[in-house]
Amino acid sequence: MPYDRRSFLQTLAMAGAAIPLRSLAFPADSREIHGFSKPFQFPWMDYAMLCETFAAAGLNGVDYTVRPEGHVTPDKVAQDLPKAVAAARKAGISAKLMTTAILYADDPATAPVLQAAAAEGIQYYRMGWYDYEKGKPLLESLHNRGNQMKALAALNKKYNIKAAYQNHAGLKIGAGVWDLYEMIKEVDPAWAGVQYDIRHATVEGANSWPVGLQLISPHINTIVIKDVRWIQQKGKYVLENVPLGEGMVDFTGYFKKIKELNIKAPISLHLEYPLLTKEDESLPVSQKQKIVQAKLKKDVDTLKGWLAAM
């Protein structure tokens, strides 16, 4: 891949040095920002370039997708995850988080992924999402899914790794947070908890999200940061993902609530909006890399500013 990584990193490091740093009130590990790797699954970006880009943007770590069609696929986890983690360490960032499709402890694919992740020092993994069981009352379905999470928590204890169930807008369990609480309330939070996503919480509960956050707060072990807004398209309102600070998420109120509830958890930063235009796609790799890195750095700097103001 013909591009000068050393020159690129030196340039970005000099730019980053001009940004003043402020002391943080929370322990450093609770303010760590990890970049979600999904938006960067470009065919021209390998593990090394991904991690160097993340490091240059000021991220503390990478949240790898370890799932079908991810940066690491479950069928190749033993071979590829060590390579992915090694790239992070070489770039000077950590690999404590990963995003998976794991749902069941007895799935033949689950234990190999957890074993490989534990061997590489990964501490948290986001799960997939449960459906409500067809033909069963909602509360019965939540109880059954809670038992499945308990079995997963027991397996996590064996591998010393923690599961995180994301509240995601839509019709699966967890969209409203209250159903997520019913499912997870009796699950040991030491081994299975919640990855709280304020973007999705805002979509589902524009004004009531603080109540849901308070309810679920004892179970939160990681958090997601991203922004969104409603727009009109062809006479209908649809969601548009946008850079931080350009959407409808009340980050000032959110971080105030995070501090009030004393939630201390690693952060996964998601860039769900387009990183390259169709015209950008035809550019040389080095130019495309600079474009996506600049967008990432803008969100990282915005988030760090909010964290410093807490």
Side-chain angles (χ1 to χ4, degrees), residues 29-30 32 34 36-38 61-68 70-74 77 81 84-85 94-132 141-168 170 172-175 177-198 200-201 212-213 215-225 263-268 270:
D29 58 353
S30 71
E32 288 182 352
H34 304 255
F36 185 39
S37 76
K38 175 187 171 183
V62 55
D63 175 359
Y64 275 121
T65 48
V66 183
R67 60 187 182 186
H71 261 117
V72 177
T73 56
V77 68
L81 189 58
V85 174
S94 67
K96 296 181 181 179
L97 278 64
M98 68 176 181
T99 296
T100 74
I102 290 173
L103 287 172
Y104 309 108
D106 58 359
D107 186 321
T110 296
V113 170
L114 296 186
Q115 184 176 16
E120 295 302 322
I122 293 175
Q123 299 173 15
Y124 304 89
Y125 70 94
R126 192 180 90 193
M127 302 169 51
W129 298 281
Y130 290 120
D131 289 307
Y132 288 97
S141 186
L142 292 174
H143 175 75
N144 293 339
R145 297 305 192 191
N147 286 335
Q148 290 168 339
M149 280 203 71
K150 287 180 182 178
L152 200 53
L155 186 63
N156 293 340
K157 184 175 181 179
K158 175 182 177 181
Y159 291 109
N160 193 32
I161 193 169
K162 300 178 181 181
Y165 191 99
Q166 181 193 23
N167 59 297
H168 196 291
K172 292 182 181 291
I173 292 175
V177 176
W178 289 81
D179 59 344
L180 175 52
Y181 173 76
E182 282 295 322
M183 179 180 72
I184 206 170
K185 64 183 181 181
E186 295 180 358
V187 179
D188 186 352
W191 303 110
V194 172
Q195 183 170 94
Y196 188 83
D197 190 317
I198 184 58
H200 290 294
L213 174 61
L215 176 70
I216 207 72
S217 60
H219 300 271
I220 294 173
N221 57 27
T222 55
I223 62 176
V224 168
I225 295 295
I263 297 172
K264 302 176 182 179
I267 298 166
S268 182
H270 293 211

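Below, each value reflects all heavy atoms present in this structure, side chains not excepted, and no hydrogens, waters or symmetry copies.
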Checklist line | Nearest atoms (heavy-atom pairs only) where A153 meets V187 | finding: CB-CG1, 4.1 Å

Notebook entry, point to check: Any side-chain heavy atom of V85 sitting closer than 4.5 Å to one from K96?
Noted result: no

Item checked: Interatomic distance, L213 atom CG to I220 atom CD1 [nearest 0.5 angstrom] -> 5.0 Å

Next item on the list: Measure the spacing between CD of E182 and OG of S141 and express it to the nearest 0.5 Å.
Entry: 12.0 Å

Next item on the list: Kindly indicate, with the supporting measurements, whether the criterion side chain to side chain contact (heavy atoms under 4.5 Å, CB included) is fulfilled by R145 and L103.
Entry: CA-CA 9 Å; R145 297 305 192 191; L103 287 172; over 6 Å; no

Item checked: Close side-chain approach of Y132 to L142, heavy-atom, < 4.5 Å -> yes

Next item on the list: Please determine which of T100, N156, D63 meets the side chain to side chain donor-acceptor pair (under 3.5 Å) test together with Y125.
Entry: N156

Checklist line | Distance in Å, T73 OG1 paired with R67 CZ, rounded so as to fall on 0.5 Å steps | finding: 12.5 Å

Notebook entry, point to check: Y64 side chain to A84 main-chain N or O, any donor-acceptor pair under 3.5 Å?
Noted result: yes

Notebook entry, point to check: Is the count of non-hydrogen atoms from other residues, nucleotides or ligands lying under 6.0 Å from K150 atom NZ greater than 12?
Noted result: yes

Notebook entry, point to check: Does the pair I122 and I161 meet the rule for a side chain to side chain contact (heavy atoms under 4.5 Å, CB included), with working shown?
Noted result: CA-CA 7 Å; I122 293 175; I161 193 169; 4.2 Å; yes

Next item on the list: Indicate the atoms forming the closest heavy-atom contact of Y196 with A201, along with that distance.
Entry: OH-CB, 3.1 Å

Notebook entry, point to check: Quick one: does N221's side chain have a donor or acceptor within less than 3.5 Å of a partner on A163's backbone?
Noted result: yes

Notebook entry, point to check: Do H34 and S268 have a side chain donor and acceptor closer than 3.5 Å?
Noted result: no

Item checked: Any side-chain heavy-atom pair of Y181 and H219 under 4.5 Å -> yes

Margin query: Using the rule given for side chain to side chain contact (heavy atoms under 4.5 Å, CB included), can you reason through K38 versus H270, listing the C-alpha separation, both sets of side-chain angles and the distance that settles it, and then say yes or no?
Written below: CA-CA 8 Å; K38 175 187 171 183; H270 293 211; over 6 Å; no

Note to self: Which residue in the set D131, N167, D179 passes side chain to side chain donor-acceptor pair (under 3.5 Å) when paired with K172?
What the structure shows: D131

Notebook entry, point to check: Are the side chains of I225 and D197 in touch, meaning some heavy atoms are under 4.5 Å apart?
Noted result: no

Notebook entry, point to check: For the atom pair CD (E120) and CE (M98), what is the distance rounded to the nearest 0.5 Å?
Noted result: 11.0 Å

Notebook entry, point to check: If you round to the nearest 0.5 Å, how far is CD1 of I267 from OG1 of T222?
Noted result: 10.5 Å

Check: With no hydrogens and no angle check, is any side-chain donor or acceptor of W129 less than 3.5 Å from a backbone partner on Q166?
Finding: yes

Check: Does a donor on one side chain and an acceptor on the other come within less than 3.5 Å for T65 and S37?
Finding: yes

Note to self: Within the structure provided, determine whether I102 and L152 are in side-chain contact (heavy-atom separation under 4.5 Å).
What the structure shows: yes

Notebook entry, point to check: If every non-hydrogen atom of A105 is compared with every non-hydrogen atom of T110, which pair is closest and at what distance?
Noted result: O-CB, 4.2 Å

Check: Under 30°, 30 to 60°, or over 60°: which ring-plane class applies to Y165 and Y130, parallel, tilted or perpendicular?
Finding: parallel

Next item on the list: Could you tell me whether the side chain of P74 reaches within less than 4.5 Å of the side chain of P112, counting heavy atoms only?
Entry: no

Next item on the list: Decide yes or no on side chain to side chain contact (heavy atoms under 4.5 Å, CB included) for I216 and I184, but give the supporting numbers first.
Entry: CA-CA 9 Å; I216 207 72; I184 206 170; 4.1 Å; yes

Item checked: pair M183-I173: side-chain heavy atoms closer than 4.5 Å -> yes

Check: Between G170 and A175, what is the shortest heavy-atom contact and its length?
Finding: O-CB, 3.3 Å

Item checked: M149 versus A192, closest heavy-atom pair with distance -> CE-CB, 3.9 Å

Notebook entry, point to check: With a 4.5 Å heavy-atom cut-off, do V224 and I198 have their side chains touching?
Noted result: no

